[in-house]
Every structure is written in structure tokens, then in C-alpha cells.
Amino acid sequence: MIRWLLSIGVAILALGNCASAGDDVIPNVVLGIHGGIGEDKKDMTPEIEARVRAALNAALKAGKAKLDTGGTSLDAVETAIRVMEDDSILNAGRGAVFTHEGRNELDASIMDGKTKKAGAVASVTTVKNPISAARAVMEKTRHVMLIGEGAEVFAAKQGLEIVDPSYFWTEHEWKAILDIWKKEAAARNNGQAVIPAIAKPHLGTVGAVAIDAQRNLAAGTSTGGLQNKMHGRIGDSPIIGAGTYADNEAAAISCTGTGEFFIRFSVSHEIVAQMKYKKVSSKEAAEDVINRQLKELNAEGAAIVLDKSGQFTTARNSEGLYRGWITADGAVTVRIYE
Ligand code: GLY
């Protein structure tokens with residue numbers, strides 16, 4: 001009887017600790033990435049899903065190849081994010097969402113967990129790979145963030161690829177903004193006040209976290225931001241401590257979600273601070289911020305976390321999260337809703 005009660009107790013405890021759907025806690029990861037919260041399940045098509053999975057796979061393999069050839073965690077993060085920026089299925093680089101004025105304004109940041117150096121660009125419209133511009137800000141200037149024209153002039157001087165703003169245009173995102181404008185015009189005609197707002201957040205930011213052979217952590221994030229955002233609006237992705245943070249003493253983190261909340265809650269730094277000062281695990285810290293603090297305000301979002309031991313975890317309060325990871329032995333996993 002006692003043994004039976006004990007085994008029931010152990011089973012209940014195990015259930016309590018058991019990861020529910022959507023929880024990832026994976027050891028020996030060297031690179032973890034996300035492609036944002038993405039489409040609601042009801043809107044997902046086999047074509048979109050195949051393209052998302054292919055993009056994540058390609059990013060993981062490219063980033064891992066860097067690590068395998070002696071690259072640093074910063075190299076792996078930059079490389080993985082560049083692949084995702086170049087893929088028009090994700091909301092970063094080509095394929096970015098449109099602002100209320102019909103422009104693509106891009107934000108990105110990167111952070112080195114060893115030195116705590118960081119770089120960011122915001123509201124750029126001509127830099128093909130904003131993550132590389134962010135890294136150049138970190139490595140070639142005494143600043144952390146450059147915005148708009150200043151960032152673009154700097155990126156050009158660094159020899160980074162500059163493109164016409166039309167490079168970022170995609171039919172999918174253009175149709176989406178036209179639809180929003182139509183709805184806003186109808187609202188105006190009905191005498192309703194219309195402010196440039198988020199029709200559907202379209203949370204497709206991309207990010208990466210990595211650890212290298214020297215056990216140095218790095219994190220990076222890149223995005224087109226929120227669909228229908230105001231001209232000049234900047235989200236959490238280029239804000240160090242909000243969308244991106246890396247600290248060799250704890251973890252590397254990249255976030256996706258409604259940036260305003262991630263800025264207000266300093267989400268990525270809050271996760272690191274809980275790990276360092278409350279001595280909780282990366283999973284507990286991330287769940288507290290994403291599934292308690294943000295959820296109380298209905299703020300949708302997610303974080304990916306790679307801790308200093310190489311354990312990768314995610315926390316989300318959304319239906320899905322485009323994400324993947326690759327372990328030291330090269331095994332790739334990609335997940336969306338599970
Ligand atoms: N998390 C992306 C943004 O709000 O811009």
C-alpha cells in the first residue's frame with residue numbers, strides 16, 4: 001500500500017515537472033534559433049510550413065558549419081540570422097512587414113556574452129542584412145546603436161551590401177498591408193477614428209543563440225517589426241536587454257512578440273537576472289517572464305534561451321513558435337506548434 005502511494009506521489013511530482021506541449025528543454029545544444037510566432041495554426045498551409053521548416057533547417061546548418069570550422073558563437077548567430085533574413089518567408093530582411101506608410105523598416109541587434117559588447121541598428125531601409133550591420137556597430141564603433149540614415153551610411157562604409165528598398169518587398173506582405181488600409185478606410189468612412197495600429201501583429205521576428213568551443217555565448221535578433229507600425233517605431237529586437245541579451249555567467253536569449261511589452265519588461269535581461277540572482281533555471285526564469293508577467297497583460301510572445309551549460313529551452317504564451325536547434329553531434333530539430 002505504502003509503495004503504491006509512493007509511486008502515485010512520484011508520478012504526480014513527475015507530471016508537475018513534466019514539460020507541457022511547447023516546452024523544450026534540450027541538453028548539448030550549440031545553436032538554437034527562432035523565426036517568430038508566425039501564422040496561427042488555422043492559417044497555416046502546407047506550402048508555408050514547408051518553407052518555414054526549410055528556412056530553419058538551412059539556418060541551423062549554416063550556423064553549425066561556422067562552429068565546426070572554428071567560428072565563434074557570434075559567427076554562428078550572425079550566419080544563422082543572415083540565412084533567415086534572406087528568406088522571404090520570415091519577417092526579417094527580405095519579406096519584412098510594411099509600416100503604416102508602406103515602407104519596410106528593419107531592426108537588429110547582437111550581443112557577445114563574454115565581453116558584454118553589443119551592437120544594434122534600427123529603422124534601416126537599405127541594408128540587406130541588418131544583423132551584419134549590428135555586428136559592425138559592435139565591433140567597429142564605440143556605440144551600441146545606430147539608426148536610420150546614419151546606420152545606412154555606416155553600413156555602406158563598412159562594405160556591407162546596400163539594396164534598393166524594393167528588395168524587401170514581397171507580394172504576401174504587400175497584400176496584407178493593402179488589406180489593412182482597406183479596413184482602415186472603411187472605418188474612416190463610418191466616422192470611426194483610425195490610428196496606425198496593429199491589425200494582426202504578424203510576429204515573425206528571427207533570432208539565434210549559440211555557444212562555441214570556448215564556451216562563449218552570443219545572441220542576436222532581427223526583424224521587420226510589427227505589421228502596420230508607425231513610421232519610426234522601434235521595437236524590442238534592437239534593444240539590448242529587451243529582445244536580445246547574452247551573458248556568459250547565465251545565458252543567451254532572443255525574443256519575439258509585441259515589442260512594446262518586451263521593452264517595458266526588459267524581458268531578456270529579466271530572464272538572465274532571475275537566473276543569476278534568484279538562482280533559478282533558465283526554464284523557470286523564462287516561464288516566469290513569458291507565461292506569468294507578460295501573460296497577465298495579454299502580451300503575446302516567446303523567448304529562446306541557451307544557458308551556459310548548453311541547455312536550450314523555450315517559453316511561449318502563443319499557439320506556435322517557429323524554432324529549431326542543433327546539438328553538438330549535428331542532430332537538427334525543428335518545431336512549430338508542438
Ligand atoms: N518583436 C518585434 C517587434 O516588436 O518589433
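The analysis underlying the following values was restricted to heavy atoms, covering all of them including side chains, and did not include hydrogens, waters or symmetry mates.
- Looking at heavy atoms from C-beta onward, Arg233 lies out of side-chain contact with His100 at the 4.5 angstrom threshold.
- With sequence neighbours left out, the side-chain contact (heavy atoms from CB on, under 4.5 Å) criterion links Ile336 to Met44, Glu49, Val52, Arg53, Tyr322, Glu338.
- Grouped with Val83 in a hydrophobic cluster is no other residue, since no side-chain heavy-atom contact under 4.5 Å to another Ile, Leu, Val, Met, Phe, Trp or Tyr is found.
- Nearest approach of Gly63 to Ala76, heavy atoms of both residues: O-CB, 3.6 Å.
- For the residue pair Ala250 and Lys276, the shortest heavy atom distance occurs at CB-CG, 3.9 Å.
- Taken together through direct or relayed side-chain contacts under 4.5 Å among Ile, Leu, Val, Met, Phe, Trp and Tyr, Val267 and Ile304 form parts of separate hydrophobic clusters.
- Partners of Glu171 under the salt bridge (Lys or Arg N to Asp or Glu O under 4.0 Å) rule, at least two apart in sequence or in another chain, are Lys175.
- Counting only residues at least two apart or on different chains, the ring pair (Phe, Tyr, Trp, His ring centres under 6.0 Å) pairs with a member in residues 264-313 are Tyr245-His269, Phe312-Trp325.
- Contact between Ile253 and Ala303 at its shortest, heavy atoms only, is CG2-CB, 4.4 Å.
- Listed by chain and residue number, Ala62, Lys66 satisfy the side-chain contact (heavy atoms from CB on, under 4.5 Å) test with Thr79 (two or more places apart in sequence, or in another chain).
- Contact check for Thr205 versus Ser222: no side-chain heavy atoms found under the 4.5 Å cut-off.
- Every side-chain contact (heavy atoms from CB on, under 4.5 Å) that Gln274 has, sequence neighbours left out, goes to Glu270, Lys278, Val280, Ala285, Asp288, Val289, Gln293.
- Follow the hydrophobic side-chain contacts under 4.5 Å out from Ile81 and you never reach Leu160; the two are in separate clusters.
- In the hydrophobic cluster analysis, where Ile, Leu, Val, Met, Phe, Trp and Tyr join through side-chain heavy atoms closer than 4.5 angstrom, Ile131 is grouped together with Leu90.
- In this structure Lys117 satisfies the side-chain hydrogen bond (donor to acceptor under 3.5 Å, both in side chains) test with no other residue, sequence neighbours excluded.
- Under the side-chain contact (heavy atoms from CB on, under 4.5 Å) criterion, Ala242 pairs with Asp236, Ile239, Ile263, not counting sequence neighbours.
- A donor-acceptor contact closer than 3.5 angstrom is absent between the side chains of Asp112 and Asn216.
- Ile110 and Ile240 fall into different hydrophobic clusters, defined by Ile, Leu, Val, Met, Phe, Trp and Tyr side-chain heavy atoms under 4.5 Å apart, directly or through other members.
- Scored by the side-chain hydrogen bond (donor to acceptor under 3.5 Å, both in side chains) test, Arg103 finds Glu105 as partners (sequence neighbours excluded).
- Remark: the Glu173 side chain and the Asn104 side chain contain no N/O donor-acceptor pair separated by less than 3.5 Å.
- Note that CD1 of Ile290 is 6.5 Å distant from CG of Asn317, once rounded to the nearest 0.5 Å.
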request  = Apply the test side-chain contact (heavy atoms from CB on, under 4.5 Å) to residues Arg51 and Ser88: give CA-CA distance (whole Å), side-chain angles for both, the deciding distance (0.1 Å), then the verdict.
outcome  = CA-CA 9 Å; Arg51 286 188 58 194; Ser88 64; 3.0 Å; yes
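- Inspection of the Ser281 and Glu284 side chains reveals an N or O donor paired with an N or O acceptor under 3.5 Å.
- With sequence neighbours left out, the side-chain hydrogen bond (donor to acceptor under 3.5 Å, both in side chains) criterion links Ser309 to Asp307.
- Looking only at atom types and distance, the side chain of Thr244 has no donor-acceptor partner in the side chain of Ser268 under 3.5 Å away.
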key: Audit row: Lys308, Asp247, salt bridge (Lys or Arg N to Asp or Glu O under 4.0 Å) steps and yes/no   = CA-CA 8 Å; Lys308 64 182 181 182; Asp247 180 342; over 6 Å; no
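- Listed by first then second residue, pairs satisfying side-chain hydrogen bond (donor to acceptor under 3.5 Å, both in side chains) with a partner in residues 131-140 read Asp75-Arg135, Glu78-Ser132, Glu78-Arg135, Arg82-Ser132, Arg135-Glu139, not counting sequence neighbours.
- Met275 and Val29 are assigned to two separate hydrophobic clusters, defined by single-linkage of ILVMFWY side chains at heavy-atom distances under 4.5 Å.
- Thr314 and Asp24 share a side-chain donor-acceptor pair at under 3.5 Å.
- Using bins of under 30°, 30° to 60° and over 60° for the plane-to-plane angle, the ring pair Trp174/Trp169 lands in the tilted bin.
- Counting Ile, Leu, Val, Met, Phe, Trp and Tyr side chains that sit under 4.5 Å apart, directly or through other members, Leu106 shares a hydrophobic cluster with Val121, Val124, Val127, Val137, Leu146, Phe154, Ile162, Val163, Tyr167, Phe168.
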